[in-house]
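Worksheet: the structure to be examined is printed underneath.
Counting convention: from 1, in listed order, for ligands and their atoms alike. For clarity, every value in this text was computed on a predicted model and none was experimentally measured.
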Amino acid sequence: MKLTNIYDTYTLNNGVKIPCVAFGTYKAAQGDNVEILRMAIKSGYRYFDTASFYGTEKYLGEAVRMSGIPREEFFIASKLWKDEMGYEEAKQACRRSLENLRMDYLDLYLIHWPLPKPDHTEWKDLDNRTWKALEELYEEGKVRAIGLSNFLPHHIDNLLENCRIKPMADQIEFHPGYAQAAAVRYCQERDIMVQAWSPIGRGRVLEDEMIVQMASKYGVSPAQVCLRYALQRNVIPLPKSSSAERMKQNQDLFSFEISREDMYRIDTMPQTGWSGEHPDRERVRIQ
Ligand code: A2P
């Protein structure tokens, strides 16, 4: 399918339509939270990705209400944090997120991480109990779709063996220099929509020589190369920015196409811009 603008959608495995580009709200929100989110709405974004951990839910809800645009025109995703895992905990977490947003449903609800800590030995059972709550929230209509975040194939295998309702999405770190091919392939083969957090590699990828050269070849910015790369891999990018100009630039992804050769070059470039986060490891501090 040829995408032509950020409002074009993919269809999740439960039939729900999801826009092909989102706006990430993690730390977008330092400074004047509501103002940044209002600016993002004004610049055109309708799909917003938040999480209880980000602390941006209530600002997002406020920005949406202030926009005067009907709730149904937005696609709002949130996530439950590591300390909100478990059956009862997940139900309460969803209630809290809806209260923070002052909304009566979410479009997508995700488990933020598969393990609360890398040495948590009972994670399979914890994931399954948490997932059961998400299945029920979905059946009750509190959330239109349910999914995962930072789950790798071995984590998803466990859920697929035990779930009644299959996850509809998995949000992972994905950008040139950290394209997680095994996880992307695993999800796409199972019709689980992949979403990219840090799609421009927290800025470090933007200085990569090959990415800079490609940007000049296509007449776009390095950030646009990164976001277009995600689109061409059928991955939904969630760029974040606090500048109106870059918010706009990050939507301008449909007037150029990265060649097949260049896509392979990006697929195979050395690891660049990794955040240092991995569900099975202690956080690595990267300068
Ligand atoms: P800023 O808010 O100043 O625009 P990621 O989502 O990969 O973690 O990266 C987020 C960072 O990338 C933000 O700090 C943001 O800074 C910056 N950024 C977002 N869009 C662009 C762009 N088009 N060009 C350069 N930097 C960008």
Pick, from Val205, Asn250, Leu206, the option with the minimum heavy-atom distance to atom 26 (N) of ligand 1. Leu206
Name the closest protein heavy atom to atom 8 (O) of ligand 1, giving the residue it belongs to and the distance to 0.1 Å. Ser198 OG, 2.7 Å
Do we see a donor-acceptor contact under 3.5 Å between the side chains of Asp107 and Tyr47? no
List every atom of ligand 1 that sits less than 4.0 Å from any heavy atom of Ser242, numbering the atoms from 1 in the order shown and giving each element. 1 (P), 2 (O), 3 (O), 4 (O)
Between His155 and Trp123, ring centroids under 6.0 Å: yes
Are His112 and Tyr54 an aromatic pair, judged by ring center distance below 6.0 Å? yes
Proximity winner for atom 13 (C) of ligand 1, if only heavy atoms of Glu245, Lys240, Lys248 are counted: Lys240
Just to check, does Gly201 reach to within less than 4.0 Å of ligand 1 when the distance is taken from its heavy atoms? yes
Does the side chain of Ser221 pick up a donor-acceptor pair with the side chain of Gln224 at under 3.5 Å? yes
What part of Pro199, side chain from CB on, backbone N/CA/C/O, both or neither, has a heavy atom under 4.0 Å from ligand 1? both
Counting each atom of ligand 1 from 1 as listed, which ones have a heavy atom of Ala223 under 4.0 Å away? 22 (C), 23 (N), 24 (N)
Atom 17 (C) of ligand 1: which of Ile36, Leu238, Ile200 has the nearest heavy atom? Ile200
Backbone or side-chain N or O of Ser243 under 3.5 Å from ligand 1 N or O: no
Tell me yes or no: between the side chains of Lys17 and Thr11, is some donor less than 3.5 Å from an acceptor? yes
Do we see a donor-acceptor contact under 3.5 Å between the side chains of Glu173 and His175? yes
Heavy atom under 4.0 Å from ligand 1: found in Ser241's side chain, backbone, both, or neither? both
So, is Gln249 polar-close to ligand 1, with some N/O to N/O distance under 3.5 Å? yes
Assess the side chains of Tyr229 and Asp262: does a donor N or O sit below 3.5 Å from an acceptor N or O? no
Starting from atom 16 (O) of ligand 1, which protein heavy atom do you reach first, and at what distance in Å? Arg246 NE, 4.4 Å
Any donor-acceptor N or O pair under 3.5 Å, side chains Asp49, Tyr26: no
